[in-house]
K.L.:
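My questions all concern the structure below.
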Amino acid sequence: MNKFNLIKLVLLLVAMAALPGKLWGQTEAKDTIAGKELKEVVVEMENIVHHGTHDEVTITPAMRKYARNISEVIGKIPGFRYDPIGQAMTYMGNSKIKILVDSIDKQIEQVAQLGHQRFSRVDVIYNPTGKYQEYEILLNLHTKKNYEGFDLYVQNQDFLMPSGRNGKGKDFASWETSGLFNYVHNKWTFSIYAQNVWLRNGSSSYSAKEYPLNDLFETAIEQPRTSPTDFNTSKGVKGNVSVDYKFNDRHAISVIGNFNHTESTQRKYEDMTTMSPIHDAPYRESHLFNEKTDPIYDYWAGAYYYGYSERWSYSAMFNFSDGKTRNYSRNTRSGGFNLADNRVARGNYQAGDIDVSHMTANEKWVFNLNYRIINNRYRSYRLESGRMLTDSRQLTNRGTLTASYYPANDWSVKLAGGIQATRYSTGSTNDTRLSPRIDFSLSHNFTRKNWIRLYYNTTVNNPFLGNVTDYGQFTDSLMFDQGNPRLKPASEHTATLMFGLLNIVRIHANYGASPRQINKIYSQGFGERPDGLTGDYVISRMMNTKWHYWGFRVEASKGFGKWFLAGTVDISKEYASYNGISHSRWICDGDLMCVFNAPKIGLSSLLVYNISNGNHVAPQGYGMAHTDRFRLSVQKSFLKGKLDLSLNYWIPLHFMSGYTQEWLYSPAMNDHTWSNNQFRDDNKIMLRISYRLQKGAPVRKMNIEELGTD
C-alpha cells in the first residue's frame, strides 16, 4: 500500500469512529442507573492540612453530623474537648483558648453557641506569639464566602438539689437564662448577647489552728451535713453588643461593649473550741464572717482593626474598662470581737496593641512585631469616711519580635524575643521592673495523623495592684494583712514536648519553673492587737517564691459509628520553696467520657467520670483531694433540631472518699483545713431547654477559582 492510500484509510477510520454507534450495527447500551435516585456521592480527601503556620481544618459533613453548634464541631478536632454539660472547651486539658471570627477578636460567649452552618473551616494556631502569646491555642473561624443570615439562640437552665440537703429551705439551686442574636448582612455583622443568673450554693469546711507564739489552739466543731458552714448567693446580669464591618476581603473593623452587674453575698460560720493560756479551761466560741458585694458600675469597651495586603498583615486594638464596687464585710466572734471593713473599690485600665507581620516572597520566613501598652489603676477608700486606703498605678510596655521559618509544609521553627517593662507607682514609691521574654517552638508533621511539637515559653504575669500597695490592716483578732510594694511580676519558663499518633492518641510532657512566683507567706508580727492586748500576731503578705513543675498527660479519643470515647490521665509533681522552706506533692487526675448518638430519633447521651487527688502546692503548705464524680446527660431534639431538651444527672456513685485537706506550716501559725462536699452533688439535676433558629446561605454562586479559598 502506497503512502497516499494509507492516508486515505486513516482518515476513513477516523470519520467512521465519529459516527453514532447505530450506524455500525451496534445496539444502544442500557443505562443501569436510569430512574434511580443517587442519594450520596462520597469524595475522600484530607480535611486537616498541616501548614507551617497552622493546621487548616475543613468542616466536613461528618464533623457537622450530630453537632448542634460550632463548639461541638471544634470538639471533634483531635485534641479538643467540648463538655456540653458545662459548655466549656479545652485543648489537652488547657482552657486558654482564644477565638477569632474572620480574624476579628470575639468574646467566647458570642461564638460558642453559633450554628456551624455559617463556617467553612477552622484555622488552629498552636502556641501563638505576638498579641496572642498568653494563649495556648488560637482558633480562627472562617465564614463562608458571601454568607448572609442570622443566628438566634435562647437557653434556660435550672439546677435542682434533693430536698433537705442544707436544711431550712436553703437547698442548692440556680437558674440561668441567656440569649444570643447574630446577624450577617453584606459587609456588616451585628451581635447581641445577654445573660441573667441567680445562684445559691454552699459547702462545709473546718480547720484546726495553732498559734505557737501565743499557746493558742482553735479547733472547729463539725456541723450536721444539712448545715453548711459557707453559704453564698449571687444574682446579676451581663451582656455585650458588637458591630463588625468588612471594607473588603482585606480590611475589617470591629467595636464591642460589655456590661456587668452582679451582686453577691458570702457567709462563713465556724463553731470553735479554744484553748488559751489566759483561760483555765477550753471554751466554746463562734466565728462569723459576712461579706456583701454591691456593684455601682462595671463596663468595658474595645475597638479592633485587621487588614492585610500582599505579604503584609497588620492589626490594632484599643480597649478600656472601668468598674466601681461597694464591699461590706464584718468579722465577729461571740467573745466580743467585732471588726468591720466597708470600702469602695475602683479599678480601671486602658490598653493598646499594634501587631505587624511580613512574609517573604518565597513564603519560608515570617517576621512579626508586636507592641502592647497597658495603663492600670486600682483605688479603695473607706465607705463611711472616704479616707483613701490604697492607690496604685501600673504602666506596662511590652515589645516582642518573632521570626518564623518554614522550610517545608511539614516543618516550622519559631523564635521570639522581647522585653516587658512594668512601672509601679504607689504613694511616693516608684519602681520599674524589667522582664525578658524568649519563646521557641519546633514542629514537624510526619504524616497527616502523626506529628511532634516542641515549645519553650516565657510568660510574665503582673501581680494584682491591691497587693503592691504599702498598707496594713487586721482582718481578725490575730491576722494582719500587709501589702508588698516590692512584689515583682511573676515570670514562668515552660518547656513542652507533644506527640500525636494516628489522630487518636496525644502525649504531652511538660516542665515549668519560676524564680519568682507569687504566693502568700505567713510571718510573725508584734504590737497592739484589735482585742486591746499587746502581743504576737500573724502577718500575711504576697511574696515572690520559687516553683517548679513537671507533668505527663496521655489523651485518647476515637469515634465508632454512633459512639465516641475519650479519656485522659494526668500525672504531675509540683515543688515550691521560700527561704529554705519547701513542699512538694504528686498529683494524679483523669477522666473518661462516652457519647452515644441516635440521630433517627434526635437523641444523644453523654456519660462522664472525673477523678482527682490534688489541687495545689505552696512553700509553707500543700493541699490534696480524693474526689470523683459521675455525670449523665441525655438530650432530645425536636422541630428538626431547633428545640433541645436536656436532662443532666449527677449519679450518687463514688470510688473515692471525697475528702479535701490542706496543711499550712509557719512560725506564727499552723493550720489544718479539711472538707468533704462530694456528696452535695449527688442526685443533682440540671434541666436545660434551648431554642435555636438559623437561616443563611451564600448570596451568589462562586466560580471554580474561589472554591476552597475560605
Side-chain angles (χ1 to χ4, degrees), residues 48-59 70-71 73-82 88-112 114 119-143 244 252 254 256 302 304-308 313-317 319 351 353-357 359 366-372 398 400-404 406 412-416 418 437 439-443 445 451 453-459 494 496 498 500 506 508 710:
I48 301 179
V49 180
H50 300 288
H51 296 274
T53 54
H54 61 278
D55 283 353
E56 186 177 295
V57 183
T58 300
I59 301 178
I70 188 61
S71 296
V73 169
I74 295 173
K76 297 182 181 182
I77 300 175
F80 286 88
R81 183 82 64 84
Y82 179 71
M89 184 185 302
T90 57
Y91 176 77
M92 294 290 289
N94 196 313
S95 60
K96 296 174 67 175
I97 300 174
K98 178 64 177 177
I99 295 183
L100 314 178
V101 175
D102 299 322
S103 301
I104 295 293
D105 288 63
K106 291 296 176 184
Q107 301 289 298
I108 183 65
E109 63 266 15
Q110 291 181 303
V111 181
L114 288 178
F119 302 103
S120 60
R121 79 167 197 261
V122 183
D123 291 343
V124 184
I125 297 94
Y126 307 95
N127 193 40
T129 55
K131 65 185 297 184
Y132 302 114
Q133 57 191 354
E134 65 266 28
Y135 295 97
E136 180 83 7
I137 294 291
L138 179 64
L139 295 175
N140 190 11
L141 308 179
H142 290 263
T143 303
D244 305 346
S254 176
I256 184 173
Y304 304 87
Y305 165 76
Y306 171 79
Y308 72 94
S313 64
Y314 27 85
S315 64
M317 172 274 291
N319 58 47
D353 188 288
I354 297 176
D355 194 90
V356 180
S357 295
M359 178 179 289
V366 176
F367 299 95
N368 173 266
L369 175 63
N370 176 261
Y371 174 71
R372 174 168 292 186
R398 186 183 74 191
T400 306
L401 178 63
T402 305
S404 304
Y406 309 105
S412 72
V413 183
K414 187 180 299 183
L415 178 64
R437 293 181 50 87
D439 292 352
F440 171 79
S441 69
L442 172 68
S443 65
N445 303 304
W451 46 263
R453 302 187 190 111
L454 173 65
Y455 301 145
Y456 168 78
N457 299 312
T458 305
T459 56
T494 304
T496 305
M498 301 176 66
R506 289 158 294 279
H508 182 290
D710 258 325

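Keep in mind that what you see is a predicted model, and the values were worked out from it rather than measured.
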K.L.:
In Å, rounded to the nearest 0.5 Å, how long is the span from CG of Asn140 to CG of Leu100?
P.N.:
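Rounded to the nearest 0.5 Å, the CG-CG separation comes to 5.0 Å.
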K.L.:
Considering only heavy atoms from C-beta outward, does the side chain of Val57 approach that of Val124 to under 4.5 Å?
P.N.:
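Side-chain contact under 4.5 Å: yes.
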K.L.:
Quick one, Ile70 and Val111 - any side-chain contact, counting heavy atoms below 4.5 Å?
P.N.:
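Side-chain contact under 4.5 Å: yes.
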K.L.:
Are any of the side-chain heavy atoms of Tyr304 and Asn319 separated by less than 4.5 Å?
P.N.:
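Contact flag for Tyr304/Asn319 side chains = yes.
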K.L.:
In terms of relative ring orientation, are Tyr91 and Tyr126 parallel, tilted or perpendicular, with 30° and 60° separating the classes?
P.N.:
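Tyr91 and Tyr126: tilted rings.
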K.L.:
For the residue pair Lys106 and Lys98, what are the closest heavy atoms and their distance?
P.N.:
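Minimum heavy-atom contact is O-NZ, 3.3 Å.
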K.L.:
Would you call Asp355-Arg372 a salt bridge at under 4.0 Å N-O?
P.N.:
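A salt bridge is absent here (no side-chain N lies under 4.0 Å from a carboxylate O).
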K.L.:
Which pair of heavy atoms, one from Tyr305 and one from Ala252, lies closest together, and at what distance?
P.N.:
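Taking every non-hydrogen atom into account, CD1-O, 3.3 Å.
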K.L.:
Look only at the side chain of Asp102 and the backbone of Thr143, and say whether a donor-acceptor pair between them is shorter than 3.5 Å.
P.N.:
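Pair found, side chain donor or acceptor close to backbone of Thr143.
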K.L.:
If I take atom CG from residue Leu401 and atom CG from residue Leu369, how far apart are they, to the nearest 0.5 angstrom?
P.N.:
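Nearest 0.5 Å value for the CG-CG distance: 6.0 Å.
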K.L.:
Any side-chain heavy-atom pair from Val413 and Phe440 closer than 4.5 angstrom?
P.N.:
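Yes, close enough: below the 4.5 Å cut-off.
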K.L.:
Is there side-chain contact between Gln107 and Ile256, with heavy atoms separated by less than 4.5 Å?
P.N.:
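Gln107 reaches Ile256 side chain to side chain.
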K.L.:
Heavy atoms only: give me the nearest Asn457-Asp439 pair and the separation to one decimal.
P.N.:
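Shortest heavy-atom separation between Asn457 and Asp439 comes out as CA-OD1, 3.4 Å.
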K.L.:
Tell me whether Ile354 at atom CD1 has more than 12 heavy atoms from other residues, nucleotides or ligands lying less than 6.0 Å away.
P.N.:
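Counting other residues, nucleotides and ligands, CD1 of Ile354 stays at 12 neighbours or fewer.
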K.L.:
Any idea which heavy atoms bring Ser443 and Arg453 closest together, and the distance?
P.N.:
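Heavy atoms only, the tightest pair is CB-CG, 3.8 Å.
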K.L.:
What distance do Phe80 atom CZ and Arg506 atom CZ have between them, rounded to the nearest 0.5 Å?
P.N.:
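If we round to the nearest 0.5 Å, Phe80:CZ and Arg506:CZ are 10.0 Å apart.
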K.L.:
Quick check: closest heavy atoms across Pro128 and Tyr135, and the distance to 0.1 Å?
P.N.:
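Minimum heavy-atom contact is CD-O, 3.4 Å.
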K.L.:
What are the two closest non-hydrogen atoms of Tyr455 and Ser441, and how far apart are they?
P.N.:
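Heavy atoms of Tyr455 and Ser441 come nearest at CD2-CB, 3.5 Å.
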K.L.:
Just so I know, are the side chains of Lys96 and Tyr132 near enough to count as touching, which here means a heavy-atom distance under 4.5 Å?
P.N.:
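Not in contact.
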K.L.:
Does any part of the side chain of Leu114, heavy atoms only, come nearer than 4.5 Å to the side chain of Phe119, both counted from C-beta?
P.N.:
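Sidechains of Leu114 and Phe119: in contact.
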K.L.:
Measure the CD1-CE distance between Ile74 and Met89 for me, rounded to the nearest 0.5 Å.
P.N.:
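Here the rounded value is 4.0 Å.
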K.L.:
Check for a donor-acceptor pair, side chain of Thr400 on one end and backbone N or O of Asn370 on the other, with a separation under 3.5 Å.
P.N.:
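Not a single qualifying donor-acceptor pair exists.
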K.L.:
Does Thr458 offer a backbone N or O that forms a donor-acceptor pair with the side chain of Arg437 under 3.5 Å?
P.N.:
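Answer holds: yes.
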K.L.:
So how far is it from Ser412 OG to Tyr406 OH, rounded to the nearest 0.5 Å?
P.N.:
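Between atom OG of Ser412 and atom OH of Tyr406 there are 6.0 Å.
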K.L.:
Less than 4.5 Å apart, side chain to side chain, heavy atoms only: is that true for Thr402 and Lys414?
P.N.:
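Counting from C-beta outward, Thr402 and Lys414 do come under 4.5 Å.
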K.L.:
State the CD1-OG distance between Ile99 and Ser71, to the nearest 0.5 angstrom.
P.N.:
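It comes to 6.0 Å.
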